[in-house]
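Position 1 is the first residue of the sequence, and the numbers go up from there. No hydrogens, no waters, no symmetry mates; every other heavy atom, side chains included, goes into these values.
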Amino acid sequence: MMNHRFFISLRLLVILLASIAGWQTTASAQNLNDKLMNRPYADLRRWHLGFSVGLHTQDLTFTHNGFVTENGESWFVDQPGFQPGFCVNGLIDFRLGTYFSLRFTPGMYFGNRDVTMREYNSGTQLRQNIKSAFLVFPFDLKFAGQRYRNSRPYVTAGVMPTVNLVRKSGDYLRTNSADFYLTCGFGCDFYLPYFKLNPEIKFCFGLSDVLDHKRTDIAEEPEKFKITQSLKKAVSRMVVLTFYFE
């Protein structure tokens, strides 16, 4: 009788301990799932809206034509360094499928470029700061990998038409208003409790000659116009670090 009661008590104790362990396991798994799956249905939405802020650097690559002035001068132009600029964009993201989406991120890029002009024989140097305020219209195809916990890496490729709203007359060099870039980049979606944070690095390669060769504003100033005459073309490049908030 006593042994029977002992086995019954032992059995009840085992069932109680198993129930407590099972409850703790379920609670731990639930907490773990909550931690792993912030905003679990965010990527199933057809449209995403957001904005971004970031930094960028602008570069100009010059191609010379060997022009020599009547005084025997040969001028060479270069951008020796980079200065950070500021950018702000809106975001419209359209879901195409499980891994692909199409993004449109119109915005403004504010920056400047310090250019050095050097005469080959005498070593004389001139300097100019080219300021810019780009109105940009980027279209990107985004390919995202498999989500792992609260992160999801991705790559992008696209195009970016731009319009420069700053064009100053009377300088040695002046750029055209319009340009067109091919872009590629990579980043990662981080799923936070209330929004997604997407740090991204993008490389932009200009396709057109941005140098204004028809300088009617300085055509009668040969000491300035000789710099433009020495260049065959100038192509723009940019590197952009952006933080998207969705």
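Side-chain atoms of N38 do not come within 3.5 Å of backbone N or O of N150 as any donor-acceptor pair. A donor-acceptor contact shorter than 3.5 Å links the side chain of N176 to the backbone of D209. Between the side chain of D78 and the backbone N or O of T116 there is no donor-acceptor pair closer than 3.5 Å. Looking only at distances, no side-chain donor or acceptor of Q229 sits under 3.5 Å from a matching main-chain atom of P222.
Residues Y181 and S236 come closest through the heavy atom pair OH-OG, 2.8 Å. Of all non-hydrogen atoms in H213 and T228, the two that sit nearest each other are CA-CG2, 3.9 Å. The minimum heavy-atom distance linking R215 with R174 is given by the pair NH1-N, 3.4 Å. Considering all non-hydrogen atoms of both residues, M108 and A133 come closest at CE-CB, 4.3 Å. Heavy atoms only, all atoms of each residue included: V53 and V88 are closest at CG1-CG2, 4.3 Å. Residue R152 comes nearest to A144 through the heavy atom pair NE-CB, 3.5 Å, listed as atom of the first residue, atom of the second, then distance.
The aromatic rings of H64 and F76 sit tilted, their planes meeting at an angle between 30° and 60°. Note: W47 and F94 have tilted aromatic rings, judged against thresholds of 30 and 60 degrees for the angle between ring planes.
Here the straight-line distance linking atom OH of Y109 with atom CG of N89 works out to 5.0 Å at 0.5 Å rounding. Considering CG of N129 and CG of D171, their distance stands at 9.0 Å, rounded to 0.5 Å. Annotation: the span from L102 atom CG to K142 atom NZ amounts to 11.5 Å, rounded to 0.5 Å. Put simply, OG1 on T175 and CG on L211 are 8.5 Å apart, with the number rounded to the nearest 0.5 Å. The distance from the CZ atom of F104 to the CG atom of D93 is 13.0 Å, given to the nearest 0.5 Å. In this structure, the separation between CD on E223 and CD on E73 is 6.0 Å, given to the nearest 0.5 Å.
Under the 4.5 Å side-chain criterion, counting only non-hydrogen atoms from C-beta, T124 is in contact with W75. Residues L231 and N65 have side chains not in contact (no heavy-atom distance under 4.5 Å, counting atoms from C-beta outward). Counting heavy atoms from C-beta outward, E119 and K226 have side chains that stay 4.5 Å or more apart. With contacts defined as side-chain heavy-atom distances shorter than 4.5 Å, the pair V68/S74 qualifies. Taking 4.5 Å as the limit, some side-chain heavy atom of R167 sits within range of a side-chain heavy atom of D212.
Linking ILVMFWY residues whenever their side-chain heavy atoms come closer than 4.5 Å, directly or via other members, places L60 and Y172 in the same cluster. Linking ILVMFWY side-chain heavy atoms closer than 4.5 Å, directly or via other members, places L182 and V239 in a single hydrophobic cluster. When hydrophobic clusters are built by joining Ile, Leu, Val, Met, Phe, Trp and Tyr residues whose side-chain heavy atoms come closer than 4.5 Å, directly or via intermediates, F180 is grouped together with F137. In the hydrophobic clustering of ILVMFWY residues, with side-chain heavy atoms under 4.5 Å counting as a link, L173 and F225 come out apart. When hydrophobic clusters are built by joining Ile, Leu, Val, Met, Phe, Trp and Tyr residues whose side-chain heavy atoms come closer than 4.5 Å, directly or via intermediates, M238 is not grouped with L135.
For the residue pair T162 and D179, no side-chain donor N or O sits within less than 3.5 Å of a side-chain acceptor on the partner. Side chain to side chain, S132 and N164 fail the donor-acceptor criterion of an N or O pair below 3.5 Å.
In Y120, the OH atom is not crowded: 12 or fewer heavy atoms of neighbouring residues, nucleotides or ligands sit closer than 6.0 Å. Atom CD of E220 has 12 or fewer neighbouring heavy atoms from other residues, nucleotides or ligands inside a 6.0 Å radius.
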Open item on the list: Show, in sequence, the C-alpha distance, side-chain angles and deciding distance for Y99 and Q146, and conclude whether the side chain to side chain contact (heavy atoms under 4.5 Å, CB included) test is met.
Closed with: CA-CA 8 Å; Y99 300 104; Q146 188 70 34; 3.1 Å; yes
TODO: Run the numbers on F100 and L141 for side chain to side chain contact (heavy atoms under 4.5 Å, CB included), then give the verdict.
DONE: CA-CA 7 Å; F100 289 93; L141 182 64; 4.2 Å; yes
TODO: Decide salt bridge (charged side-chain N to carboxylate O under 4.0 Å, His left out) for D59 and R237; before the verdict, give the C-alpha distance in whole Å, the side-chain angles of both, and the deciding distance to 0.1 Å.
DONE: CA-CA 5 Å; D59 183 28; R237 302 282 190 269; over 6 Å; no
- [ ] Step by step, work out the side chain to side chain contact (heavy atoms under 4.5 Å, CB included) result for V77 and M117.
- [x] CA-CA 4 Å; V77 185; M117 295 152 279; 3.8 Å; yes
In residues 195-205, what donor-acceptor pairs under 3.5 Å come from side-chain atoms, sequence neighbours left out?
from, atom 1, to, atom 2, distance (Å)
K196, NZ, D43, OD1, 3.2
N198, ND2, D189, OD1, 3.3
N198, ND2, E246, OE2, 2.6
E200, OE1, R103, NH1, 3.3
E200, OE1, R103, NH2, 2.7
E200, OE1, Y154, OH, 2.8
E200, OE2, R103, NH2, 3.3
K202, NZ, D140, OD2, 2.8

